[in-house]
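Report on one structure; see the data block that follows.
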Amino acid sequence: MFQIDCPFCGPRWQVEFVCGGEAHIERPINPDMLSDDEWADYVFMRTNSKGMHYERWCHIHGCRQWFNAARDTVSDKIHATYRMGEKPPELSS
Amino acid sequence: MATPTKYSIWSLLRNAGSYHQNWQRVWRQPTPKDEYEVIVIGGGGHGLATAYYLATVHGITNVAVLEKGWLGGGNTGRNTTVVRSNYLYDESSGIYELSMKLWEGLSQELNYNVMFSQRGVIGLSHDRHGNDEQSRRGGAIHLNGIDSEILNVAQVRALVPIINTSPNIRYPLFGGMLQRRGGNARHDAVAWGYARGADARGVDILQETEVIGLMREGSRVVGVETSRGAIRAKRVGIVVAGHSGVLANMAGFRLPLESYPLQALVSEPIKPVLHTVIMSGKVHVYLSQSDKGELVIGASRDAHNSYSQRGSFHLIEEQLAALIELFPIFGRLRMMRQWGGIVDVCPDASPIIGKTPIEGLFINCGWGTGGFKATPGSGWVFAHTLATGEPHSINAPFSLKRFSSGYLIDEHGAAGVAH
Ligand SMILES: Cc1cc2nc3c(=O)[nH]c(=O)nc-3n(C[C@H](O)[C@H](O)[C@H](O)COP(=O)(O)OP(=O)(O)OC[C@H]3O[C@@H](n4cnc5c(N)ncnc54)[C@H](O)[C@@H]3O)c2cc1C
Ligand SMILES: [Zn+2]
């Protein structure tokens with residue numbers, strides 16, 4: 001279990017949050033132009049990075065806000081949390 | 001290559017005479033050749049079974065298994081060894097029942113005791129809805145010729161006298177579904193038995209050999225870069241479970257799966273009290289009692305991606321709470337060890353076994369939280385795929401292409417507890 005620094009409430013235990021998976025996956029701009037493979041890429045394919053990983057969390061038992069986190073998936077260390085809509089910070093794991 | 005000693009009562013007696021000091025090594029420690037016909041990346045159960053069936057079924061022995069650590073040190077040696085074949089969909093029945101049939105003769109086939117014990121697996125239901133769902137699944141499984149029995153509370157209690165049948169608990173017991181042919185096997189022995197069999201037929205098992213890159217010529221794979229130098233091969237199979245995404249990344253494509261921690265724990269050993277495998281997807285815990293007397297207890301995976309091989313503490317708390325409600329008798333039991341693995345989970349909870357976008361490169365992954373039971377069948381169909389370049393009809397539905405065609409094999413809802 002780790003601590004997560006909610007951008008709205010400050011540090012809280014992981015049990016107060018739910019993980020929403022990989023962040024910054026953008027919905028295609030022209031859905032009707034997409035091939036099946038391109039759809040599959042958007043819907044199913046994941047980066048699954050070993051190292052720095054950008055993901056969404058929701059502070060479900062707190063402020064109920066969604067936000068992003070940059071976490072190293074080898075050490076589980078969270079290097080930054082930042083709000084929805086913000087660009088991911090430049091970090092190296 | 002020396003033929004291995006045939007294990008029997010006679011070899012046991014002979015070696016007892018010399019105080020067990022002269023047992024032959026179970027496999028060689030060869031130096032890598034420059035080139036092999038087939039390279040299997042990953043020395044877990046699935047990779048070793050693949051090599052074994054390449055040699056025995058297809059006569060292809062110029063094969064290397066590359067393992068970055070030690071044999072079975074991944075999920076194979078970390079799992080809770082539940083074996084069953086009662087899945088909902090026809091495609092799943094195909095591969096899991098093929099495995100079950102192979103399990104039933106495996107110790108004889110390998111001349112290695114994998115301690116396969118068909119003690120039965122009971123999935124519990126705690127309400128009407130759960131019971132209806134089990135009846136539907138049980139019916140579908142029956143139609144595929146696989147055994148399953150629906151049990152009421154009295155029948156569950158007859159098999160598991162220590163279970164709590166009080167109607168006054170939060171999720172009272174309602175019934176269950178039993179597969180009598182299900183059970184457990186010894187995880188390490190499965191890896192070692194396949195390794196021994198493959199080695200005896202000339203397969204090179206290379207431990208402490210990590211793949212760090214893939215060699216390509218045009219659209220074809222021609223070998224791998226390893227921590228011990230480059231090795232060429234005509235065909236390469238990736239069987240690395242939690243690290244599938246890392247290998248796919250080396251090859252330049254993405255997979256529809258993510259890697260999560262899954263943990264388990266064992267209690268101190270006690271006298272025999274539990275003779276079947278019990279699982280509950282509702283209160284989420286499953287357990288069996290090992291031959292040493294320890295309870296082997298597992299539950300859900302973590303929700304976040306991680307390669308840390310470490311499960312979260314709050315999940316232990318939840319699974320033990322569930323355990324105590326089902327079995328108050330275990331209230332004072334102490335837990336001895338806890339550990340984690342990295343499981344590769346597909347969105348439809350079914351594996352991917354077949355071609356990749358790169359010619360000559362094949363993958364067997366996505367077994368997630370429940371692939372130990374499939375070790376024999378998975379190796380069998382993947383050996384066919386590597387030998388012929390095409391999937392067997394049993395693994396054809398489990399292609400990577402299903403995520404484009406929409407032909408998902410959605411066992412998530414179906415499996416209840418995914419082990
Ligand atoms: C806690 C836990 C409980 C489980 N319980 C059950 C259960 O009860 N029943 C069930 O059916 N399944 C269960 N599973 C799932 C099961 O363990 C796996 O699906 C199965 O063992 C996978 O086998 P494998 O051979 O594919 O992978 P592994 O055994 O993980 O083998 C993959 C190997 O690849 C190696 N590797 C990785 N990267 C490289 C590289 N770059 N170069 C060389 N080698 C590499 C690894 O070191 C590893 O040894 C459980 C898993 C866990 C973690
Ligand atoms: Zn908050």
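Chain identifiers are assigned alphabetically (A, B, ...) following the order of the sequence lines, protein sequences preceding nucleic acid strands; residue numbering begins at 1 within each chain.
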Below 3.5 Å, can you tabulate the donor-acceptor pairs from side chains in residues 315-322 of chain B to any protein atom, sequence neighbours excluded?
none

For a quick test of your reading: what N or O donor-acceptor pairs under 3.5 Å do the side chains of residues 341-355 of chain B make, sequence neighbours left out?
from	atom 1	to	atom 2	distance (Å)
B:D344	OD1	B:G368	N	3.3
B:D344	OD2	B:G366	N	2.6
B:D348	OD1	B:S350	N	3.3
B:D348	OD1	B:R402	NH2	3.0
B:D348	OD2	B:R402	NE	2.8
B:D348	OD2	B:R402	NH2	3.2
B:D348	OD2	B:I409	N	3.0
B:S350	OG	B:I409	O	2.7
B:K355	NZ	B:E390	OE1	3.2
B:K355	NZ	B:E390	OE2	3.0

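Neither the backbone nor the side chain of A:W13 comes within contact range of chain B; no heavy atom of the residue lies under 4.5 Å from a heavy atom of that chain. For B:N305, the parts lying under 4.5 angstrom from a heavy atom of chain A are both the backbone and the side chain.
Side-chain contact check for A:Q14 versus B:H304: some heavy-atom pair is nearer than 4.5 Å. Residues B:Y307 and A:N48 have side chains in contact (heavy-atom distance under 4.5 Å, counting atoms from C-beta outward). Considering only heavy atoms from C-beta on, B:S306 comes within 4.5 Å of A:R71 through its side chain.
Sorted by first then second residue, the salt bridge (charged side-chain N to carboxylate O under 4.0 Å, His left out) pairs that include residues 2-18 of chain A, not counting sequence neighbours, are A:R12-A:E16.
Residues of residues 34-45 of chain A that come within less than 4.5 angstrom of chain B, heavy atom to heavy atom, are A:D36, A:D37, A:A40, A:D41, A:F44, A:M45 in numerical order.
A distance-only check finds no donor-acceptor pair linking the side chain of A:R46 to the backbone of B:G245 [under 3.5 Å].
B:E258 contributes atom CD, which lies 9.5 Å from atom CD of A:E55 (distance to the nearest 0.5 angstrom).
Heavy-atom contacts from other residues, nucleotides or ligands closer than 6.0 Å to CH2 of B:W70 number 12 or fewer. Taking a 6.0 Å sphere around CD of B:E208, one finds it holds 12 or fewer heavy atoms contributed by other residues, nucleotides or ligands.
Contact count versus chain B (heavy atoms, under 4.5 Å) is highest, among A:T73, A:V18, A:T47, A:V15, for A:T73. Between chain B and the residues A:G20, A:S49, A:S75, the largest count of heavy-atom pairs under 4.5 Å involves A:S49.
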